[in-house]
Amino acid sequence: MFKELDPLLHSQLRLAVVSLLVSVKEAEFSFLREKTGATAGNLSVQLNKLSDAGYISIAKSFRDNYPLTTCKVTDKGVKAFETYVEDIKSYLKK
Amino acid sequence: MEATEKQISESEGFEIIQKMINTVKSEIDNSSFYNLLWGWLVFIASLGEYILIRVDYAWHYITWILMPVGAVVTVIYSAKRKREKKARTYLDDLMKYVLIAFLVCLCIVLFFQGKLQLNTYPMVMMVYGIWLFISGGTIQFKPLMIGGIVNWILAIVAFFLPFDQQLLILALAVLLGYIIPSYQFRKKMERHV
């Protein structure tokens, strides 16, 4: 019996974002956009979904008078990611 | 990536994770700038002082004026790098703490050189060795670790030598411990780009 994959992570862009944030301590919005190749609008929407679920935290500040968005994965996000990886492994083993 | 919420298969999910983690690997600071800057500065200063001692120049220690110059360049360069860097990795933090520990130890040794006298440069090499060994191990680059070991060996040798010859040993230590491994590292990173 296979577990149902976390629908929040089982999406191309959100999974890419969480994978990146698990690997780095914190990343700016532009870094995530560059690495995922997503549009700013779509990335923004997906980041908010992850933030609403408590998987990531988003900090907004300013640098040289320009808005700066920095993202960090939370403990809940790391746990969800680990569970997702375990679940996906069981699918791939079949 | 698509602007919509694209459905993926399990294997695609796995591929995305792999791809993203590999992307982050390329974020390792590959400039070697600091090692090369300080390597050459200390090399020139120590070798320069040795030459000035040999020619009986009274102000032979003048060559160490290069150190504040290096500090200014480092501050300017690191401020620039900080602005360019869009992600902070766990490795960045680890390297930062190792560097801080190294600088604190180095300052303590240099501050007490009046007490340490002839033991100062061997102690400096010991501290360099710790920094190089840990940095090399962290980024999994053996030449830097070997550089650290070479510094420890040269520190032991320097304990038995007079001051002017210690300067030559210090120049050799930075050449083998910093300069050569840093050029090797730079070459390695260029191959990976």
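Quick note on labels: first sequence line is chain A, next is B, and so on, each numbered from 1.
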Undergrad: Can you pull out the residues in residues 64-85 of chain A with any heavy atom less than 4.5 Å from chain B?
TA: A:Asp64, A:Phe81, A:Tyr84, A:Val85
Undergrad: Would a single hydrophobic cluster contain both B:Trp59 and B:Leu66, if residues Ile, Leu, Val, Met, Phe, Trp and Tyr are joined by side-chain heavy-atom contacts under 4.5 Å?
TA: yes
Undergrad: When rounded to the nearest 0.5 angstrom, what distance separates CG in A:Leu32 from NZ in B:Lys86?
TA: 11.0 Å
Undergrad: Cluster question for you: counting only ILVMFWY and a side-chain heavy-atom cut-off of under 4.5 Å, with indirect links fine, are A:Val45 and A:Leu21 together?
TA: no
Undergrad: Heavy-atom count around B:Phe160 CZ within 6.0 Å, excluding the residue itself: above 12?
TA: no
Undergrad: Can you tell me which portion of A:Leu5 sits under 4.5 Å from chain B's heavy atoms? Options are side chain, backbone, both or neither.
TA: side chain
Undergrad: Measuring from atom NZ of B:Lys19 to atom CG of A:Leu15, what distance do you get when rounded to the nearest 0.5 angstrom?
TA: 11.5 Å
Undergrad: Please say whether more than 12 non-hydrogen atoms of neighbouring residues, nucleotides or ligands are located less than 6.0 Å from CZ in B:Phe14.
TA: no
Undergrad: What's the shortest heavy-atom distance between B:Lys85 and A:Glu28, and which atoms?
TA: O-OE2, 3.5 Å
Undergrad: In this structure, are over 12 heavy atoms from other groups packed under 6.0 Å from A:Arg63 atom CZ?
TA: yes
Undergrad: Could you work out, with salt bridge (charged side-chain N to carboxylate O under 4.0 Å, His left out) as the rule, every residue matching B:Arg88, not counting sequence neighbours?
TA: A:Glu26, B:Asp93
Undergrad: Taking ILVMFWY side chains as joined if any heavy atoms are under 4.5 angstrom apart, and letting links pass through other members, which residues group with B:Ile76?
TA: B:Val72
Undergrad: Side chains of residues 138-149 of chain B: which donor-acceptor partners sit under 3.5 Å, not counting sequence neighbours?
TA:
residue, atom, partner, partner atom, Å
B:Thr138, OG1, B:Ile134, O, 2.6

Undergrad: Transitively linked via ILVMFWY side-chain contacts under 4.5 Å: B:Tyr61 with B:Val55?
TA: yes
Undergrad: Calculate, to the nearest 0.5 Å, the distance between atoms CD1 and NE2 belonging to B:Ile16 and A:His10 respectively.
TA: 8.5 Å
Undergrad: Hey, could you give me the OG/CG distance between A:Ser23 and B:Leu91, rounded to the nearest 0.5 Å?
TA: 12.0 Å
